[in-house]
Structure formats: C-alpha cells, structure tokens
Chemist: 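The structure under discussion is supplied below as structure tokens; questions concerning it will follow.
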Amino acid sequence: MKFEPDGNVTSFEKKKTELYQELGLQARDLRFQHLTSITARNNAIIIRMESLKAVVTPKCLLVLDFRGLGLEKWLVLELGPQLAGDGNLATYSLPFEFRALEAILQHRVNVLQMRLSEVQPQVLDCLESLVDPKLLSADRSKLHMLLLNSKSLSELETDIRVFKDSLLKILDEDELIDELCLTKWSDPQVFEESSLGIDHAEEMELLLENYFMQAEELGNKARELKDLIDDSESVIFINLDSHRNVMMRLNLQLTMGTFSLSLFGLMGVAFGMNLESSFEEDPRVFWLVTGFMFLGSGLIWRRLLSFLGRHLEPSSPPPIPPVWKKNQIGTLKATDIKPGVR
C-alpha cells in the first residue's frame, strides 16, 4: 500500500526483487530480520514495528505485507488522513518523512497503551479478590487468571523495552539522526526552502525523544503493576498462613481436651472392670467419681490452654494495606497519551 503526501492511497502487488531495485535498496534491507528496528538506507527509512513493515521515502510511504495482520482499519481510516494533514500530527509543517515516522511511532505507542489498558483492570480485580483477609483459601480460577495476566504483562514489558532500545540506539548517534532527515540529502533546495531556520536534525531528535518518553512512562506503569503482583503474593501467603495457624491452634486445643478426658477416663475404666470392692455398695460413689473425672479433666485442660497462651500468642490476619482498592490506585490508572506533543 502506497501513501503519498497529497493523501492519495494505492495498493499493488510487486515482487520484492523489483521493489528494492526500484527503491535503490539491497535485498537484505527488505528482509526485516528484527522485530523492531528503524534504519536509514540509501535515502530511505526502513521500519519494522512488530507486524508492520514499512519503507519511507521523501515522496511516499510504502507498507508491505499488510494483509491478514489486522492493520487494514488503521491503514485505511487513520494513516491516510493523518499523512494528508487531517490528523493531529505535530510535524505536519515538516517534510513528509517526519509525518510518516510520527504516524507509525504513534500507532505503536497506542498499541502498547491499549494492551496495558486491557491487562491492568483484570490484574487489579484479581488482586482485590485474592488479598481479602476473610478468605480461607485462594480461588484457583483467580490464580489462573492472574498467572495468565502476569505472563501477558511480562511480554508487554519486553515489547516496550525493545521499542525503547530501538529509539535509544538512534538517539545515541547524531549521524543516525541526520540520516533520517531524508529531504536534507535528497533535495537540498527543498530542504532550504522548507526549513526556514529550523534544524531538522533537532526536530527529528525531539520527535524520537517524545515517543521514547511515552514508552518510558508505559514501561514504568507496567513495572509498577508487576511489582504489585509480586508484593501481593507475599500478602496472600501471609493471609493463608494466618488462617492455617488458627486451624492448627484449634486442632491443638481439641487434642489437649481429648488428652485430658483420656487421662481421667482411666478412673472410669478401673471402676468398669469386673472386680468387686466395697465402693460399689455406696450409691454416691458413682456421682463422686464422675464429678472428679470431669473436674480433673477440666483443670488439666485449662492448665494446658494457659501454657499454650503463654508460649504461643494468638495470631490474627495481617492488616491489608489499601493499595489494592480501586479508588486509591491513582498512580496505576492509564493516562491518555497525547500524540505529537514535544
């Protein structure tokens, strides 16, 4: 698909051998070996942003192999009008390569922002339900969803880091920034008339820095969300350990009660044997022995509970900080990124 500065859009099929000969490029230039890269070759900018493959020249923008990648809507409805001046590109007054590069970088940042906006509410909902101190066990479905979202978040962090590295590689080299100013080298006369005292290298550097800072902001939000997941794991384990300690304490109390009854129950066993003694003839002995059994068992049980209370303080569920409440997660809410602001 070919985009021209006047807004004219055409699509055609052509062999890559014919295309790179027409553009004056080498065969290796159109192999797009890296998933994210921006390189300048022979007065052309070769761009690879994940599935998007594009070549920018001073006179047109070529998007290659776009079918079946979900890019048709953006290419037809948004990219064409933006390049023609109907969009909100801040570089409209600059040569065409600035507009084309800004439109592609803006699309990439918007895609990353959309992915973060999809993952963030799901992660916050899972954490809010999992860190509830009233829960005696963790919901397996919530844990499975949190695991999937954590994996998606890790992939998003990797994509943001790769995007930042590709921009930083250019920003660290003044020569690479100069090479991206195609009009400066292809048509010096047009460059002198259009610049009007504007240093195109500085404008290109500001453009790249703008989207680098936006990617840095997205990376910080994704990192904060990942740290929140890691911190919540400790809270979940502490909460479950607290309930487990309560159950173990109850089990220990019941065991001590059983031991007390068994200890003084030996008296009943002794009187239940088929042996005759003078105690069987007194009708008050039964109530005396029974009362002594229960009284002794109760005293022993209380002594054991007192020992337990002195050496094992009762545990209570830890207070959960309000960081997981939706109305207090202001730092993680996705902010609208204004494209083109420098």
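Every value quoted in this text rests on a predicted model; they were computed, and no experiment measured them.
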Chemist: Verify, without hydrogens or angle tests, whether Asn42 (side chain) and Gly24 (backbone) share a donor-acceptor contact under 3.5 angstrom.
Modeler: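 A pair under 3.5 Å: yes.
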Chemist: Show the nearest heavy-atom pair for residues Thr57 and Ala44, with the distance to one decimal.
Modeler: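 Taking Thr57 first and Ala44 second, the nearest heavy atoms are CG2-CB, 4.3 Å.
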Chemist: Can you see which heavy atom on Val119 is nearest to which on Asn149, and at what distance?
Modeler: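 Answer, listing the atom of Val119 first, then Asn149: CG1-O, 3.9 Å.
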Chemist: Taking the side chain as everything from C-beta on, heavy atoms only, tell me whether Leu105 gets closer than 4.5 Å to Met49.
Modeler: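 SC-SC contact between Leu105 and Met49 confirmed.
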Chemist: Could you check whether the rings of Phe98 and His200 sit parallel, tilted or perpendicular, using 30° and 60° as the cut-offs?
Modeler: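 Rings of Phe98 and His200: perpendicular, as their planes differ by over 60°.
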Chemist: From Ser51 OG over to Leu71 CG, what is the distance, rounded to the nearest 0.5 angstrom?
Modeler: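 CG of Leu71 is found 4.5 Å from OG of Ser51.
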Chemist: Roughly how far apart are Glu209 CD and Ile170 CD1, rounded to 0.5 Å?
Modeler: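 Rounded to the nearest 0.5 Å, the CD-CD1 separation comes out at 12.0 Å.
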Chemist: Decide yes or no on side chain to side chain contact (heavy atoms under 4.5 Å, CB included) for Leu218 and Gln113, but give the supporting numbers first.
Modeler: CA-CA 7 Å; Leu218 290 177; Gln113 172 68 51; 2.9 Å; yes
Chemist: Mind listing the closest non-hydrogen atom pair of Leu153 and Lys226 along with its distance?
Modeler: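 Closest heavy-atom pair between Leu153 and Lys226: CD2-N, 3.6 Å.
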Chemist: Just wondering, do Pro5 and Arg99 contact through their side chains at under 4.5 Å, heavy atoms?
Modeler: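 Yes, side chains in contact.
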Chemist: Indicate, with yes or no, if Phe66 and Val111 share a hydrophobic cluster defined by side-chain heavy-atom contacts under 4.5 Å among Ile, Leu, Val, Met, Phe, Trp and Tyr.
Modeler: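 No, Val111 does not connect to Phe66 through the hydrophobic network.
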Chemist: Using 0.5 Å steps for rounding, measure from the CE atom of Met1 to the CG atom of Leu79.
Modeler: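 So the gap between those two atoms works out to 9.0 Å.
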Chemist: Please evaluate residues Glu22 and Lys14 with respect to the criterion salt bridge (charged side-chain N to carboxylate O under 4.0 Å, His left out), reporting the C-alpha separation (whole Å), side-chain torsions for both, the decisive distance (0.1 Å), and the verdict.
Modeler: CA-CA 11 Å; Glu22 179 181 336; Lys14 182 176 292 189; 2.5 Å; yes
Chemist: Report yes if some heavy atom in the side chain of Met204 is under 4.5 Å from a heavy atom in the side chain of Leu101; otherwise report no.
Modeler: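 Met204 reaches Leu101 side chain to side chain.
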Chemist: With side chain to side chain contact (heavy atoms under 4.5 Å, CB included) as the test, would you mind laying out the steps for Tyr211 and Ile104 before giving the verdict?
Modeler: CA-CA 11 Å; Tyr211 287 96; Ile104 293 176; over 6 Å; no
Chemist: Same hydrophobic cluster for Met114 and Leu77, using side-chain heavy-atom links shorter than 4.5 Å among ILVMFWY?
Modeler: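 Different clusters: Met114 never reaches Leu77 through Ile, Leu, Val, Met, Phe, Trp or Tyr contacts under 4.5 Å.
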Chemist: Does Glu50 offer a backbone N or O that forms a donor-acceptor pair with the side chain of Arg48 under 3.5 Å?
Modeler: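 Pair found, side chain donor or acceptor close to backbone of Glu50.
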Chemist: Of the non-hydrogen atoms in Pro81 and Val76, which two are nearest, and what is the gap between them?
Modeler: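 Heavy atoms of Pro81 and Val76 come nearest at CD-O, 4.1 Å.
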Chemist: Is the shortest distance from a Lys or Arg side-chain nitrogen in Lys59 or Glu4 to a carboxylate oxygen in the other one below 4.0 Å?
Modeler: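 Result for this pair is no, no salt bridge flagged.
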Chemist: Can a donor-acceptor pair be found, under 3.5 Å and without considering hydrogens, that links the side chain of Glu97 to the backbone of Thr183?
Modeler: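 At least one qualifying donor-acceptor pair exists.
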Chemist: Just so I know, are the side chains of Glu155 and Arg115 near enough to count as touching, which here means a heavy-atom distance under 4.5 Å?
Modeler: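 Side chain of Glu155 against side chain of Arg115, heavy atoms only: contact under 4.5 Å found.
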Chemist: Going by heavy atoms in the side chains, are Pro58 and Asn43 under 4.5 Å from each other?
Modeler: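 Yes, close enough: below the 4.5 Å cut-off.
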Chemist: Is it true that Ser11 and Lys2 share a donor-acceptor pair across their side chains at a distance under 3.5 Å?
Modeler: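 The criterion, which ignores hydrogens and geometry beyond distance, is not satisfied for Ser11 and Lys2.
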Chemist: Is there side-chain contact between Leu52 and Trp74, with heavy atoms separated by less than 4.5 Å?
Modeler: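 The answer is yes; the side chains approach within 4.5 Å.
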Chemist: With heavy-atom distances below 4.5 Å as the criterion, would you say the side chains of Thr39 and Ile47 are in contact?
Modeler: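 Result no, sub-4.5 Å side-chain heavy-atom pair not found.
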Chemist: Under the criterion side chain to side chain contact (heavy atoms under 4.5 Å, CB included), I'd like the reasoning laid out for Lys169 against Ile38: C-alpha separation, chi angles, the key distance, then a yes or no.
Modeler: CA-CA 9 Å; Lys169 180 181 178 181; Ile38 302 175; over 6 Å; no
Chemist: Under 3.5 Å, is there a donor-acceptor pair between the Gln214 and Asn210 side chains?
Modeler: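 Gln214 vs Asn210: donor-acceptor pair found between side chains.
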Chemist: Does Glu175 CD have over 12 foreign heavy atoms under 6.0 Å away?
Modeler: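 No, the 6.0 Å shell around CD holds no more than 12 heavy atoms from other groups.
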Chemist: At their closest point, which heavy atom of Phe96 faces which heavy atom of Phe3, and how far apart are they?
Modeler: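 Heavy-atom minimum between the residues: CZ-O, 3.8 Å.
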Chemist: Restricting to non-hydrogen atoms, name the atom on Arg223 and the atom on Glu157 that form the minimum distance, rounded to 0.1 Å.
Modeler: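 Result for this residue pair: CA-OE2, 3.5 Å.
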Chemist: Does either side chain, that of Thr17 or that of Gln21, offer a donor lying less than 3.5 Å from an acceptor on the other one?
Modeler: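 Distance-only check fails for Thr17 and Gln21.
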Chemist: Enter the distance from Arg31:CZ to Tyr20:OH here, rounded to the nearest 0.5 Å.
Modeler: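 If we round to the nearest 0.5 Å, Arg31:CZ and Tyr20:OH are 8.5 Å apart.
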Chemist: Say you draw a straight line from OG1 of Thr36 to CZ of Arg161; how long is it, rounded to the nearest 0.5 Å?
Modeler: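 So the OG1 of Thr36 and the CZ of Arg161 are separated by 11.5 Å.
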Chemist: Determine, step by step, whether Leu35 and Val162 satisfy the side chain to side chain contact (heavy atoms under 4.5 Å, CB included) criterion, reporting the C-alpha distance in whole Å, the side-chain angles of both residues, the deciding distance to 0.1 Å, and the verdict.
Modeler: CA-CA 9 Å; Leu35 291 179; Val162 172; 5.7 Å; no
Chemist: If I take atom CG from residue Leu168 and atom CD from residue Glu216, how far apart are they, to the nearest 0.5 angstrom?
Modeler: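 Going from the CG atom of Leu168 to the CD atom of Glu216 covers 9.5 Å.
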Chemist: Look at the side-chain heavy atoms of Ile, Leu, Val, Met, Phe, Trp and Tyr, link any pair under 4.5 Å apart, and say whether Val55 and Leu19 land in one connected group.
Modeler: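 Result: yes, single cluster for both.
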Chemist: When clusters are formed by joining ILVMFWY residues with side-chain heavy atoms under 4.5 Å apart, either directly or through shared neighbours, do Leu147 and Leu228 land in the same one?
Modeler: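 No, no single cluster joins them.
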